[in-house]
Every structure is written in structure tokens, then in C-alpha cells.
Undergrad: 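Please find one structure pasted underneath; my questions will follow.
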2 protein chains.
Amino acid sequence: MAAPLSAASGPGPASSRSRRARRPSGDDRERAILATAERLLEQRPLAEISVDDLARGAGISRPTFYFYFASKDAVVLALLDRVVAEARALRAEAVRGSALGGDVRENWRAALGAVRDTFRAHRALTAAATQLLAHSPEVRTLWAQVMEGFVTETAAAIEAERARGAAPAGPPARDLAVVLNWMNERVVQVTLAGQQPAVAEEDLIDVLLTVWLRAIYGTDDPTGR
Amino acid sequence: MAAPLSAASGPGPASSRSRRARRPSGDDRERAILATAERLLEQRPLAEISVDDLARGAGISRPTFYFYFASKDAVVLALLDRVVAEARALRAEAVRGSALGGDVRENWRAALGAVRDTFRAHRALTAAATQLLAHSPEVRTLWAQVMEGFVTETAAAIEAERARGAAPAGPPARDLAVVLNWMNERVVQVTLAGQQPAVAEEDLIDVLLTVWLRAIYGTDDPTGR
DNA sequence: CACGGTAGTCGACACCCTGTCGAGAGCGTC
DNA sequence: GACGCTCTCGACAGGGTGTCGACTACCGTG
């Protein structure tokens, strides 16, 4: 059994996933492990990377690796923490921007695009995280929190649009938000991984946006505020 | 490296995934392995089931297991083959029923419900298949074929609705079909696995159906034929 | 400057799992 | 009764994980 990791802390600055408080030299090692993981993930899937590979790549022995991280998965989790924080921040920024007004369609597009861009910039990590999602409770918890954040934000936006009469009534806003966000998650992941059947990468946001707008407003051209 | 499995054959009756042509006694053994896998999957995730567990459960030794299946994954693939065939058949039946006329909304609901029902009846296997999807090329290929079939069917239906003037123009029908089907896949899977954020199981089809109808027709109440 | 504590390091070990090889056992058939 | 076939498994090789205990290097303190 792997030693328990510190649970992902709630909202706030990205928490340290490392096992130890950082030390001058230890900090370098930790970064080296992270960098090695990122590099190797560009070359082959996570399942084909061993702790030994990570340790050697960082210039340390296998037991020493365990001084820094509890497992291979914990390394990916640490990497994912950073990317996830980036995605959250960018999406939140897009949503904040929308609150100031502007074209409704473009506002939604910005929110969708922010997430797509973040994960596109880290394809290899995204693929690894997808694998871990299947069998790492820690990753599943982190991801559930991320999705929950997106869903809550989306549901609030839908309710605001209904309140101002721009969007028609329908299923509970949260339910709509849940299925739309999972749609995006899956389709972005499939597209970035090059799986089939997929939509061409350049059409992705357009198609998703159409579904979002029709699902929320019933039309491709919601009225601005 | 695992010995290569016979590739999933195209459309047609479910192909045999077993390594050998069936023999009187060998056939029983094969069934015993399959049954053991199904039973153990109800108790714990695939990653925590070893080939030895499967072999012991079927009353044979580990090496003997390899006479029947090339790997643990091949067993799940064989199980999945059956469930997938069931899902395809039920959905195709629902789609065929739609071609005869009837309420448009109910027709779409039947297609969505068919898939949900099949996988709900095999929760444990669905969870295992999801794990394998991440690292088994064979499962990925099989699943890609299934999704491709759903997408093609859906796209044809959308085009038919557009042709008869019931559905407005919009993104390419296939693109719409791709994102809607992946949405269903992901949301059904998340819901069946009890992950968060999710929609209550009894509301699932209603919410999905609303998104499908709004995305395809722009309204919750498409006109019948 | 010695000296004790702490961070950091790794060789060796125990363990678990996979997949294969080769020697057989049972059994129908000529 | 011996050949060939399916089927079986003990034993092995290999690779992975995580841990333990001894060791080193360094840093602050008296």
C-alpha cells in the first residue's frame, strides 16, 4: 500500500504534493523528478514508465525517489495540480470577464476555449491523467473537485441567464451544467489523444459551443445584454 | 509482451475472443474463467484481480489459464464483446422502430435508454472496461468501433430530420453526433460509477434527452412526422 | 573545532505478479 | 500398444514495487 498523500486541499494556492518540506538540494531533486516525468510522458504512456526510470532520469537511486514521492502516481498528481490550477484560473478569468457584459456567444466561447487551451498545452500529461483517473482515488478526487467547480460556475451562469429572461426554463441548471461539462471533458480528451470518432481539432470549440448555446438558450444566437 | 489477440472483427456476430477452438471440457473451463471474472469484478476493481485469482476461481492453475486466454485483459475483452453486442442490437432496434414513425421525442428517448439500460445491467464490467480503455489498445479499438456505429446512426438520423424540415441547419450532422454520443458515454459511465459531479440516476435520460433535442432541433418539442 | 542531529542516499531484501517452457497425464484412434 | 492430440501444471526467469537499515554530508551549536 502506498503511504497516504496529503489530501488535495480545497480552493486556494496549489498545495505541495511533495512528501517533505523543501530543502535547498532536495528542492532541486524534486524538480528534477517532475521534469523527468514530464519528459518521459512525451515519449511513452505512464504504464511504461517505472519508478526506476524516473529515479535514473533525475540522477538518483530508486529508494531515494521514495524520499521525495510516495509513488509514481504522486508525481503525476503533482504535475496535474499545476495544470489544473492553470485551467481553473483561466476559466475563472473568462467567466469574470463575461460578467462585465459583451457578446454572450463570445463569452461562452472564451470559457470553453480556456480549458481546451490549457490541456492542449499539456497533451502528454492529460493523457497520463486520463489513465490515472481509472485507478487512482487521489486523481479522481482532484478531478471531481475541478469538475465540480466548473459545474457550479456554469450552473450559476445558466441561472443568471434564465433570470434575465435570455434563457428559457428547462431541466435544473445544475443538471444541464453537469452533462455539458462532462461532454466537454470527454470530447476534448478524445480529440487531444487523437482517438476516434472525433471532431477536427479546429472545429472542436465551434461544435461544443453550438451544443452549449442550443442547450442553454435554444438558439445559436442568444441576445446580448 | 502479450501474444496478439485476434483483432476485433467488424460488424457481424460476436467473434470468439478465446485463444483456442472450443473443446468439450475446454469450453467449460473457458466459461468458468469468464464467470469468475464477472463475479470478482463485482467485488473489487480489475487492477486488484490477478491472473492467479481468475485461475483459482475457475479451478485451474495459473499456467493453464494462459491456455485459454492470453491475459487478464483478454478475459474482460471477451466479456465486453457480449455486452457491446447487446447494446448495439438494442440501440439499433430502437432506431429501426423510429423509422416507422411515432413520437419523435419518444423515439430518441428509446435510443438513449437502450444504451443506458445495457450498461446499467453490467455495472461492474462497465467500470472494468473504463479502466482498460486507458491502456488496452484492443479495448480502445472495440470501443471506437462501437462509438463509430452510434455516431454514424445518429448522424444519419439528424440528416433525415434536417431533410424533412424538422431540424434546423447547423454544424455538420456528424460533428454534432460525435459530441452528443461522447457526452452520453461519459455521463452514463460517471453516473453508473457513482462519481461526482453527477445527475441523479433517474433524471439522467431526461437531461440527456433535453440536450439532444435542443442541440438537434433547437426545441424540447420537435414536431412529429 | 568537535560533535550531534537531521536531510539525504542507496544496497540489499522481501514480495508479488506476469508469462513461458518443458515434462507429463488422459484419451481417442488406428 | 503406440501415436497424436488436448489439456495440465511445477518450476523458472524476469521485472516491478516498497521498505529497512546502515551510511554520508552537512549545518548549527557549545
Side-chain angles (χ1 to χ4, degrees), chain A residues 1-5 16-34 36-37 40-41 44-78 128 131-132 135-138, chain B residues 1-5 16-34 36-37 40-41 44-78 128 131-132 135-138:
Chain A
M1 295 296 138
L5 293 167
S16 169
R17 291 278 181 194
S18 63
R19 228 175 171 187
R20 287 264 161 194
R22 39 214 44 181
R23 293 285 145 183
S25 153
D27 201 9
D28 292 344
R29 290 279 144 89
E30 199 175 311
R31 268 200 299 271
I33 293 171
L34 258 7
T36 303
L40 292 183
L41 280 175
R44 49 183 195 271
L46 181 63
E48 285 170 30
I49 297 172
S50 70
V51 169
D52 204 38
D53 295 332
L54 258 21
R56 280 176 194 288
I60 55 178
S61 70
R62 209 166 50 78
T64 300
F65 167 92
Y66 287 102
F67 182 82
Y68 292 100
F69 291 97
S71 68
K72 186 171 71 172
D73 293 1
V75 177
V76 178
L77 193 58
Q131 311 216 168
L132 274 193
H135 66 265
S136 159
E138 287 87 1
Chain B
M1 293 300 133
L5 294 166
S16 168
R17 293 280 182 190
S18 64
R19 227 176 173 188
R20 287 263 163 197
R22 39 214 43 181
R23 294 283 145 186
S25 153
D27 201 9
D28 293 343
R29 289 280 144 89
E30 199 175 310
R31 269 199 298 271
I33 294 170
L34 257 7
T36 303
L40 292 182
L41 280 175
R44 49 183 195 272
L46 181 63
E48 284 168 32
I49 298 171
S50 70
V51 169
D52 204 38
D53 295 332
L54 257 23
R56 279 177 193 287
I60 55 178
S61 71
R62 211 166 48 78
T64 299
F65 167 92
Y66 287 103
F67 182 81
Y68 292 100
F69 291 96
S71 67
K72 186 171 70 173
D73 293 0
V75 177
V76 178
L77 192 58
Q131 310 214 171
L132 273 193
H135 67 264
S136 159
E138 286 86 1

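Each chain gets a letter, A, B and so on, in the order the sequences are listed, and its residues count up from 1. Since the structure is predicted, the reported quantities are computational estimates derived from the model, not experimental observations. Any value given below was found using the heavy atoms of this structure, including those in side chains, with hydrogens, waters and symmetry copies removed.
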Undergrad: Taking side chain to side chain contact (heavy atoms under 4.5 Å, CB included) as the test, write out the residues that go with B:Pro63, two or more places apart.
TA: B:Ser61
Undergrad: List the residues meeting side chain to side chain contact (heavy atoms under 4.5 Å, CB included) with A:Ala32, not counting sequence neighbours, and say none if there are none.
TA: A:Ala58
Undergrad: A:Ile60 has a side chain; which of C:dC10, D:dG18, C:dG19 sits nearest to it?
TA: C:dC10
Undergrad: Calculate the interatomic distance between B:Asp52 atom CG and C:dG19 atom P; express it in whole Å.
TA: 13 Å
Undergrad: Look at the side-chain N and O atoms of B:Thr64 and state whether any lies under 4.0 Å from the OP1 or OP2 oxygen of D:dC9.
TA: yes
Undergrad: To the nearest Å, give me how far apart NZ (A:Lys72) and C1' (D:dT17) are.
TA: 10 Å
Undergrad: For the pair made of CZ in B:Arg62 and P in D:dC12, what is the distance, rounded to whole Å?
TA: 14 Å
Undergrad: Could you check which of D:dC9, D:dC7, C:dG19 has an atom nearest any side-chain atom of B:Val51?
TA: C:dG19
Undergrad: Who pairs with A:Pro45 by side chain to side chain contact (heavy atoms under 4.5 Å, CB included), at least two apart in sequence or on another chain?
TA: A:Glu48, A:Gln131
Undergrad: What nitrogen or oxygen pairs link the protein and nucleotides 21-28 of chain C at under 3.5 Å?
TA:
none

Undergrad: Mind calculating the distance between CZ (A:Phe67) and C1' (C:dG11) to the nearest angstrom?
TA: 18 Å
Undergrad: For A:Arg62, enumerate each residue passing the salt bridge (charged side-chain N to carboxylate O under 4.0 Å, His left out) test, keeping only those at least two apart in sequence or located in another chain.
TA: none
Undergrad: Just so I know, are the side chains of A:Phe69 and A:Leu77 near enough to count as touching, which here means a heavy-atom distance under 4.5 Å?
TA: no
Undergrad: Between A:Arg56 (CZ) and D:dT17 (P), how many Å, whole number?
TA: 12 Å
Undergrad: How close or far is atom P of C:dT18 from atom CD of B:Glu48, stated in whole angstroms?
TA: 13 Å
Undergrad: Out of curiosity, B:Glu138 CD to B:Leu132 CG, how far, rounded to the nearest 0.5 Å?
TA: 9.5 Å
Undergrad: In this structure, how many angstroms lie between the P atom of C:dC17 and the CG atom of B:Asp53, rounded?
TA: 7 Å
Undergrad: Going by heavy atoms in the side chains, are A:Ile60 and A:Ile33 under 4.5 Å from each other?
TA: yes
Undergrad: Rounded off to whole Å, could you give me the CG-to-C1' distance for the A:Asp73 and D:dT17 pair?
TA: 12 Å
